[in-house]
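Worksheet for the structure shown next.
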Amino acid sequence: MKLEDKKVILKKIRHLPDRFDDYTIYSYKKDRCLKVHTQHTEKGSTYILQEQGFQHQTYFFDEKKEFHKKLKKLIELEFPRSRKLYINKRF
């Protein structure tokens, strides 16, 4: 796991690869997290975003642009006062 600045993470979201297996963002205390997965089908990629914090919800996106918008909003919602976040990623 790597500790990174939240502003840097928000800038890097645009440059996420189209294909990744697991990408998890934890709060500094590690009590809340956002998990990101992709599933590849014949029709294309589906982005799955799991929120595990204030609410426990799962979101599905077909478009990368909509996925990025929701991910940014959830980072601000889940980690409002955090400056540093842990990232665990596997590509």
Side-chain angles (χ1 to χ4, degrees):
M1 257 191 267
K2 185 177 178 184
L3 186 63
E4 286 194 31
D5 190 37
K6 184 167 80 172
K7 291 180 183 179
V8 172
I9 293 169
L10 291 172
K11 288 180 183 178
K12 286 184 177 181
I13 287 174
R14 259 187 256 135
H15 304 292
L16 284 175
D18 291 335
R19 183 179 186 147
F20 49 89
D21 295 328
D22 190 19
Y23 198 91
T24 308
I25 302 171
Y26 294 98
S27 65
Y28 189 76
K29 292 182 183 179
K30 298 178 187 168
D31 59 344
R32 291 174 275 149
C33 70
L34 296 173
K35 294 183 179 183
V36 178
H37 312 283
T38 55
Q39 286 184 346
H40 300 284
T41 61
E42 295 172 0
K43 296 181 180 180
S45 297
T46 301
Y47 300 94
I48 302 168
L49 178 59
Q50 292 178 328
E51 177 184 9
Q52 297 176 349
F54 293 119
Q55 298 178 2
H56 294 273
Q57 293 184 352
T58 303
Y59 303 95
F60 298 93
F61 300 95
D62 291 329
E63 295 182 24
K64 192 173 181 179
K65 187 175 180 180
E66 295 297 320
F67 161 73
H68 287 171
K69 286 181 185 179
K70 187 65 172 182
L71 182 58
K72 282 184 178 184
K73 286 181 184 179
L74 286 177
I75 287 174
E76 292 296 332
L77 177 72
E78 287 292 328
F79 317 113
R81 294 180 301 260
S82 298
R83 285 189 237 141
K84 299 280 185 178
L85 300 172
Y86 284 103
I87 293 181
N88 185 15
K89 54 186 168 183
R90 284 182 274 156
F91 299 107

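- How far CD of Glu4 is from NZ of Lys11: 12.5 Å, rounded to the nearest 0.5 Å.
- Annotation: side chain of Ile75 is in contact with side chain of Ile13 (closest heavy-atom distance under 4.5 Å).
- Hydrophobic clustering, with ILVMFWY side chains joined whenever heavy atoms are under 4.5 angstrom apart, groups Leu77 together with Leu71.
- The hydrophobic cluster containing Ile87 also contains Leu10, counting ILVMFWY residues as joined when their side-chain heavy atoms lie under 4.5 angstrom apart, directly or transitively.
- Atoms CZ and CG, from Arg83 and Asp5 in turn, are 9.0 Å apart once rounded to the nearest 0.5 Å.
- Applying the side chain to side chain donor-acceptor pair (under 3.5 Å) test to every pair with at least one member in residues 46-61, sequence neighbours left out, gives these pairs: Glu51-Tyr59, Gln55-Gln57, Gln57-Tyr59.
- Remark: the backbone N or O of Phe79 is paired with a side-chain donor or acceptor of Lys6 at under 3.5 angstrom.
- The CD1 atom of Ile25 sits 11.0 Å away from the CG atom of Asn88 when rounded to the nearest 0.5 Å.
- Listed by chain and number, the hydrophobic cluster partners of Leu3 are Met1, Tyr26, Tyr28, Tyr86, where partners are ILVMFWY side chains within reach of under 4.5 Å, directly or through others.
- Residues Glu63 and Lys65 are not paired through a salt bridge, judged by the lack of any N-O separation under 4.0 Å between the basic side chain and the carboxylate.
- Looking only at side-chain heavy atoms (C-beta outward), Lys35 and Tyr23 stay at 4.5 Å or farther from each other.
- Thr38 contributes atom OG1, which lies 12.5 Å from atom CG of Leu49 (distance to the nearest 0.5 angstrom).
- One finds the CD atom of Gln39 at 8.0 Å from the OG1 atom of Thr41 (value rounded to the nearest 0.5 Å).
- Of the inter-residue distances, the one linking Lys30 atom NZ with Leu85 atom CG reads 12.0 Å to the nearest 0.5 angstrom.
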